[in-house]
There are 2 protein chains.
Amino acid sequence: MSLYTISQASAEVDLTPYTLRYYEKEGLLPGVKKDSAGRRNYQADDIQRIGFIKCLKGTGMSLKQIKEYGSLYAQGKKKFEERNAMLESHKAKILLEIKTQKKYLKMVEAKIQMKI
Amino acid sequence: MSLYTISQASAEVDLTPYTLRYYEKEGLLPGVKKDSAGRRNYQADDIQRIGFIKCLKGTGMSLKQIKEYGSLYAQGKKKFEERNAMLESHKAKILLEIKTQKKYLKMVEAKIQMKI
DNA sequence: CCTTGACTTAGAGTTAGCTATAACTGTTAG
DNA sequence: CTAACAGTTATAGCTAACTCTAAGTCAAGG
């Protein structure tokens with residue numbers, strides 16, 4: 001039942017234990033279980049959640065917004081619309097970002113090509 | 001000859017005057033001309049340089065590294081190899097980043113598709 | 001001449017996101 | 001039994017990249 005200690009979770013998701021505790025303190029990981037000695041026990045769905053947090057963060061969403069998304073998620077079906085709108089607008093942002101990165105890639109390639 | 005005041009340059013490159021002065025102070029913009037009253041006059045090539053700085057920064061290069069690149073650039077042909085290596089490795093980084101963004105995009109799309 | 005406004009400088013303050021420290025506690029190997 | 005170890009909390013410190021403030025300068029319009 002107790003799947004991961006903090007150091008195992010840390011290794012699994014490639015974030016330091018500091019960061020995991022920090023995320024929890026910031027409200028991004030509500031409901032992480034603790035054992036009788038007060039030590040964190042990460043479950044499979046915590047790991048999954050962290051994976052999605054990394055996805056959102058890696059695409060430029062702030063921790064504050066991720067927390068907001070999480071709280072909408074916690075409120076279930078009644079907040080589905082709002083939550084989905086958030087994801088849709090984030091998706092648009094990612095698409096734009098990819099486009100920008102491609103433009104910048106071309107600029108760097110051009111600079112390399114110059115050979116000066 | 002005096003092409004842009006700081007506020008005109010600011011509008012042109014979409015960075016605040018604060019940021020332009022900060023970049024200069026940090027050594028990213030050496031040789032910006034000043035008029036008799038000590039006010040900055042940005043030339044066309046300063047604007048171009050800022051454009052490339054934005055490109056490097058927008059693809060995740062730190063100001064410190066950008067400054068380093070700039071100083072290699074200033075040393076001309078003898079540092080060409082080093083400078084180009086920097087750009088090549090940065091290019092690889094951008095390619096990887098685009099790949100990651102695409103992966104994350106898929107994750108977000110999948111989450112949207114779930115409709116839960 | 002006087003005010004206005006855009007500029008100057010040095011340096012302080014802010015924000016995000018960690019990262020580390022100190023002091024402590026419970027588990028385990030010898 | 002005890003020493004080492006892996007965890008805990010609260011809180012302080014750090015870095016990057018701005019962002020702003022204060023006090024002052026200068027050129028131009030009325």
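Lettering of chains follows the sequences in order, A, B, ..., and the numbering in each one begins at 1.
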If you assign each of Lys57(B) and Lys25(A) to its closest nucleotide in DNA chain D, which residue comes earlier from the 5' end? Lys25(A)
Could you state the atom-to-atom distance from [atom1] of [X] to [atom2] of [N] in whole Å?
{"X": "Tyr18(A)", "N": "dT11(D)", "atom1": "OH", "atom2": "C1'", "answer": "13 Å"}
{"X": "Asp35(B)", "N": "dA6(C)", "atom1": "CG", "atom2": "P", "answer": "16 Å"}
{"X": "Lys33(A)", "N": "dT8(D)", "atom1": "NZ", "atom2": "P", "answer": "16 Å"}
{"X": "Asn41(A)", "N": "dT8(D)", "atom1": "CG", "atom2": "P", "answer": "9 Å"}
{"X": "Lys34(B)", "N": "dC7(C)", "atom1": "NZ", "atom2": "P", "answer": "13 Å"}
{"X": "Leu20(B)", "N": "dC20(D)", "atom1": "CG", "atom2": "P", "answer": "14 Å"}
{"X": "Met61(A)", "N": "dA16(C)", "atom1": "CE", "atom2": "P", "answer": "15 Å"}
{"X": "Arg39(A)", "N": "dG26(C)", "atom1": "CZ", "atom2": "C1'", "answer": "6 Å"}

Is there a side-chain contact between Leu15(A) and Lys54(A) (heavy atoms, below 4.5 Å)? yes
Counting heavy atoms from C-beta on, name the nucleotide in [options] closest to the side chain of [X].
{"X": "Ser36(A)", "options": "dT21(C), dT21(D), dT27(C)", "value": "dT27(C)"}
{"X": "Arg40(A)", "options": "dC18(C), dT8(C), dT8(D)", "value": "dT8(D)"}
{"X": "Ala37(B)", "options": "dA27(D), dT19(D), dC18(C)", "value": "dA27(D)"}
{"X": "Ser7(A)", "options": "dC7(C), dG7(D), dC20(D)", "value": "dG7(D)"}
{"X": "Ser62(B)", "options": "dA17(D), dT8(D), dT19(C)", "value": "dA17(D)"}
{"X": "Thr5(A)", "options": "dG7(D), dT8(C), dT19(C)", "value": "dG7(D)"}
{"X": "Tyr23(B)", "options": "dC18(D), dG26(C), dC18(C)", "value": "dC18(D)"}
{"X": "Leu63(A)", "options": "dT8(C), dT19(D), dG17(C)", "value": "dG17(C)"}

Return the CZ to CD distance between Arg40(B) and Glu24(B), rounded to the nearest 0.5 Å. 4.5 Å
To the nearest 0.5 angstrom, please state how far the CG atom of Leu20(B) sits from the NZ atom of Lys25(B). 13.0 Å
Determine whether the side chains of Glu109(B) and Gln113(B) contain a donor N or O and an acceptor N or O closer than 3.5 Å. no
Are OP1 or OP2 of dA16(D) and a side-chain N or O of Lys67(B) less than 4.0 angstrom apart? no
Which part of the nucleic acid, if any, lies within reach of Arg21(B) when heavy atoms closer than 4.0 Å are counted: base, sugar-phosphate only, or nothing? base
Should Tyr69(B) and Phe52(B) be marked as a side-chain contact (heavy atoms from CB on, under 4.5 Å) after you check the CA-CA gap, both sets of side-chain angles, and the distance that decides it? CA-CA 11 Å; Tyr69(B) 173 78; Phe52(B) 197 57; 3.8 Å; yes
